[in-house]
Each structure stands twice: as C-alpha cells, then as structure tokens.
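Residue numbers begin at 1 in each chain, while the letters A, B, ... track the order of the sequences.
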2 protein chains.
Amino acid sequence: MAISQEISYRLERLILDGGLAPEQKIPSERQLATRLGVSRAVIREALHELQGRGVIETRHGKGSFVASMVPGANELGEQSPLMHLFEGHPRTLFDLLEVREQLEGQAAYLAAQRATRLDRHRITKAFRALEDTDPLSNARLDHGFHLAIVEASHNPVLVHVLNSLKNMMLLTVQASVANLNPREEMRKKIVRQHRQLYEAVIAGKPASAQKAATAHVRFVSEAMRDMEKEGGTLIRLPVNQEAANEYSRAGT
Amino acid sequence: MAISQEISYRLERLILDGGLAPEQKIPSERQLATRLGVSRAVIREALHELQGRGVIETRHGKGSFVASMVPGANELGEQSPLMHLFEGHPRTLFDLLEVREQLEGQAAYLAAQRATRLDRHRITKAFRALEDTDPLSNARLDHGFHLAIVEASHNPVLVHVLNSLKNMMLLTVQASVANLNPREEMRKKIVRQHRQLYEAVIAGKPASAQKAATAHVRFVSEAMRDMEKEGGTLIRLPVNQEAANEYSRAGT
DNA sequence: CGGAGTCCACTGGTCTGACCAGTTTTTGAA
DNA sequence: TTCAAAAACTGGTCAGACCAGTGGACTCCG
C-alpha cells in the first residue's frame, strides 16, 4: 500500500481513538514529514485524503485541525455514507427531492389505501394543527403532518427511508428555507396542496393522494430551485456527452 | 479556495453528473496536469481527496478509475440502521419490495431520460451478457444489468437508497431464491421483462421504461409471495455476518 | 506610555524535474 | 510464429525552491 495511505489511516485512527481531540491542531506538514521520515508531498497527499473524508480541516497559513464531529449525528442516528455527497454539492439536494417526490407519492397512495381509523384521526389532528398556523413558519407541524401520512402507509421501510432522506435534507438546507420566502402567494399554494393531500387520503382516494403528494414535493423543489438561481448559485441539470468531452480524451 | 479543491470538486461533479461513468478510467495525472495547466502535485492532491471520499480508486501502474457509486458494496461492514426492522419481522421483505418497485421504476424513467452514450453502452453490454446465460442462475449478471440502469439515472441518492434496499434483501432472503424455482415459464417471463426494460431505456422512452421496471419488480415480488404461500422457507435470518456474506452474491 | 506600523518566522499552496515501481505495449530475435 | 526483452506508459516518492496567508514581535512615532 502507498505510504500516503498508511499515514492517512494512521492519523485517522489516532484521531478516532481520541489521541487527537476535535479542534486540536495537527503538527505542521513539515514537522510530520521530518518526524515520519517522508517527503512533504506524501504528507500532503495523506492530509488531502483525510480532508476528503471530512476528518480534518485545513486553513492556509494556520494549519490543519481535527474536524469537529457533527453534533446532530448521534441524535438523528448514524452517519450516512451519503452525507459526503452534499458537501459543496447543492445539486444533490435536488437529487434528494427527486427521490422524495416519488416516495412521498407512494406513501400517500398507500396511506389512502391502508389508513385505519386511528391513522385518520392522527392525520386529521396534525392537519388541523397545521391549518391554524402559518405552514411556512412552522416546519415542525408541517413535518408532523407528512409524517402522519407516511406512517399510515404501514410500510416501515418506507417510513425509515423517507425519514433518512428528510434528516439529510435538514442537515443541508439552511434552517427553514421556507422562512426565507414568506411570500403570500406561495403560502396559499402550499395550504391548498396540503388540503388536497389531506382530503384525498382521508377520502381513501389513492391516485389523488399520490398526485397531490408528488405535486407538493415538486412544487417545493421548484421553489427551492428558483431561490437558488436568485441566490446566484447555478444548478445544472442532466448533462450529456458534451460535458464529458472536456476530459474524456484518454480512454474508451 | 485551493486549486486542488476546485479540481476535486469539478471532477466529482463531472462524475456525479454522468460525464464520467463508473469503472471508467480517468486521464492520467500527467495528462490532467497538462490539460488543466497545473502541476502534477496539485492533481495528485485533488485525486487523493476524491480517493478519501470514495469517489475514485487508484491502482499503481494502471491509473485512476471512477468508483462504483455504491458505497456500501465493498466497504468495511457497516451496520445498516434498517436492519433492526427485520429482527423478528421477516415479513418486511415485501414492504421492501414495495418500495423498490417504486424506485426501480423511477430509476428506469430517469435512465431513459438521462443516459449518455456511455451509459447506453454499459447497459447494452450488461444486457447482452445477461441474455447469453440463464438469468435465473446468474444473479450477478442480473444485478449488473439493473445497476447499470440505476446508475444511468445520474441520481446518487437513488443509487444509494436502492443499493441499501438491495443489500437488505440479500441479508434476509435465502441465496438466489430464483434458483429454487427454475421453472421454464418464469424464466421466459423474466427474460421478456428484461428485454422490454432494456429497449425502453435505450430508446429513451421514460414512461415505458418505468412501466417495465415496476412490472418486473412486482412480478418478482408476487412470485416470492406465491412461493411463501406454498410453504417454502423463503426467509431466514442470518446468524452472523459471515453467514450474511454468503448471500451477498445473489440478486433479484 | 500606547498604538501603529513593519518585519519576520511561521503556516499551507504550488511548481519543477528527477527517479522509483508496477503495467502494458512494442519490438526484435530465436 | 513465438516469446522474451525493451520501451513506453501508469502512479508513488523525493528534493528543493518559491508564493501566499497568518500572527507575533519588535520597532518607531505620537
């Protein structure tokens, strides 16, 4: 195995075992190079590997530091191997929404089909609570409403997957994105979407419920996309061969 | 921001967007350095970052290659949080299939929409290989075919979730369920389903592709359900990780 | 004395060109 | 034609130089 990898593993184990605490400074590259008897290039490669893995952070002129672990990781469950995809890649957020659109739709479909009396009661309660307040400013109630529907699907796998996706979103999206856009028109649209979803589920109309749910997620997704555009960061959609040509001269 | 990071992000985005497909070779370090007008050291640092992130794999004397987007496949054993659902409730298998049905459909839909030339080539290759042999006895090829389609969706979230679900299934279902039932009629049906899916994706017909994929999963699901009814011990919980690994070679 | 610069010794970031070590292709002799 | 040596790739490591932020120490002036 390459020396740089051995070093990166060694350092990572040192950090994970607690030999180096979060926020603690790592010896300088030149020091490490001398101490370990290798060139500075190797050290830098090892550090970049840890950097890509999110174990350390490096600041020009200051040094490298052990990254502080995400505090919410323990509460919400586990560190998803997907998480690294998000760092610096807001586009992944829309991949996430793309999947959610589908699953929320399925959940609504199944909920309309399978909801028991108790489920309907819970859903109604959540919906009423939501109706009383501004859904845009109350993400928690919004979440409660959707969760009630998902759970009414009586598919634990679906519940879990959607929950994971939602957690991932919460960690990446700026706190309550909705708050940033308290436009009246949008609020009204969302209220209407919720009502359509609610009525379809309660009435036991799977197809309508599915349609309402997917439409809702898609609406949110597109709203976010617009926001992103206005914010300056450009989101690019599916790419074809053109993008590849820039690099793909080498192999077949 | 450091040049090496810009390059690593650029490359990662290129990969996620589908400009570079899994298993594809990345231009050599020297080529990248020349083409991007930076030193080889910078390229190496960028590649090490992607390596730490699991996006690429590098082999001495051969080159760097885009890693398959499925993280858990060859990584060190990570205990999925979903696993606990199965303990004592093997019935969850059908919940799993219910979700997969939806997501495989979406993946096929997106693949038909977004597949690049390279993707089509990979899918065709996987399909041809599959066609040459008995799909029922060759779970590995079957898996390769489906994976090629999912990856052509260019949605890493979708890839990851589906992979998780698939792993989950492998851990609970007896190895190659299909093998236990080598009925000729079933084999023919599956071949036909694969062909429909393949043709729809290649032809760029999202709706048809989605329909074919969901129909396929549903068919498999119902076949399993029938088997279970007939009294076979379809589901068994593996005792330990070693036992589980034995199953991890089988496919849909 | 106290603040505002300047300077210098750190830190990481990049470049160059060389050489070592695996892998693949080409070549040329048996 | 066959097959082994050689050349031409690939990544891995090394050396030393210089650039670019950071921060502390040490002036120098008010």
J.: Expressed as a whole number of angstroms, how long is the span from B/Gln5:CD to C/dG12:P?
T.: 14 Å

J.: Write down the distance between CZ (A/Arg44) and C1' (D/dC19), rounded to a whole number of angstrom.
T.: 12 Å

J.: In whole angstroms, how far is the C1' atom of C/dC10 from the NZ atom of A/Lys25?
T.: 8 Å

J.: Heavy atoms under 4.0 Å, any strand shown: does B/Arg59 hit a base, just sugar-phosphate, or nothing?
T.: sugar-phosphate

J.: How long is the straight-line distance from CD of A/Gln102 back to CD of B/Gln106, given to the nearest 0.5 Å?
T.: 4.0 Å

J.: Would you tell me if any nitrogen or oxygen in the side chain of A/Ser28 comes within less than 4.0 Å of OP1 or OP2 on C/dT11?
T.: yes

J.: Send over the distance from A/Glu29 CD to C/dA9 P, rounded to a whole Å.
T.: 20 Å

J.: Do any side-chain nitrogens or oxygens of B/Gln31 fall under 4.0 Å of OP1 or OP2 in D/dT10?
T.: yes

J.: Could you tell me the separation between the NE2 atom of A/His60 and the P atom of D/dG23, rounded to a whole number of Å?
T.: 12 Å

J.: Specify the separation, in whole Å, of atom CD of A/Glu45 and atom P of C/dG13.
T.: 13 Å

J.: Which is more 5' along DNA chain D, the nucleotide nearest A/Val42 or the one nearest A/Gly61? Just name the residue.
T.: A/Val42

J.: With a cut-off of less than 4.0 Å, is there a side-chain N or O of B/Lys62 near OP1 or OP2 of D/dG11?
T.: no

J.: Calculate the interatomic distance between A/Glu6 atom CD and D/dT13 atom C1'; express it in whole Å.
T.: 13 Å

J.: Respond yes when some side-chain nitrogen or oxygen of B/Ser64 is under 4.0 Å from OP1 or OP2 of D/dT10, and no when none is.
T.: no

J.: Within this structure, what is the CD-to-P distance between B/Glu57 and D/dG11, rounded to whole angstrom?
T.: 14 Å

J.: Applying a 4.0 Å non-hydrogen cut-off, can you work out what A/Leu47 is touching in the nucleic acid: base, sugar-phosphate, or nothing?
T.: nothing

J.: Could you tell me whether the side chains of B/Thr124 and B/Tyr198 share a donor-acceptor contact shorter than 3.5 Å?
T.: yes

J.: Check this for me, if you would: do A/Arg10 and A/Glu6 make a salt bridge, where the nitrogen-to-carboxylate-oxygen distance has to be below 4.0 angstrom?
T.: no

J.: Should A/His48 and A/Arg44 count as side-chain neighbours, where that means a heavy-atom distance under 4.5 Å?
T.: yes

J.: Is it the case that D/dG12 (base atoms only) and B/Arg40 (side chain only) share a donor and an acceptor within less than 3.5 Å, ignoring hydrogens and angles?
T.: yes

J.: Atom NE2 of B/His216 and atom CD of B/Gln196: how far apart are they, to the nearest 0.5 Å?
T.: 11.0 Å

J.: Can you find a donor-acceptor N/O pair under 3.5 angstrom joining the side chain of B/Arg30 to the base of D/dG11?
T.: yes

J.: C/dC15, C/dT14, D/dG12: which one has an atom nearest the side-chain heavy atoms of B/Ile3?
T.: C/dT14

J.: For A/Val38 and for B/Gly63, find the nucleotide of DNA chain D with the closest heavy atom, then tell me which residue's nucleotide is more 5'.
T.: B/Gly63

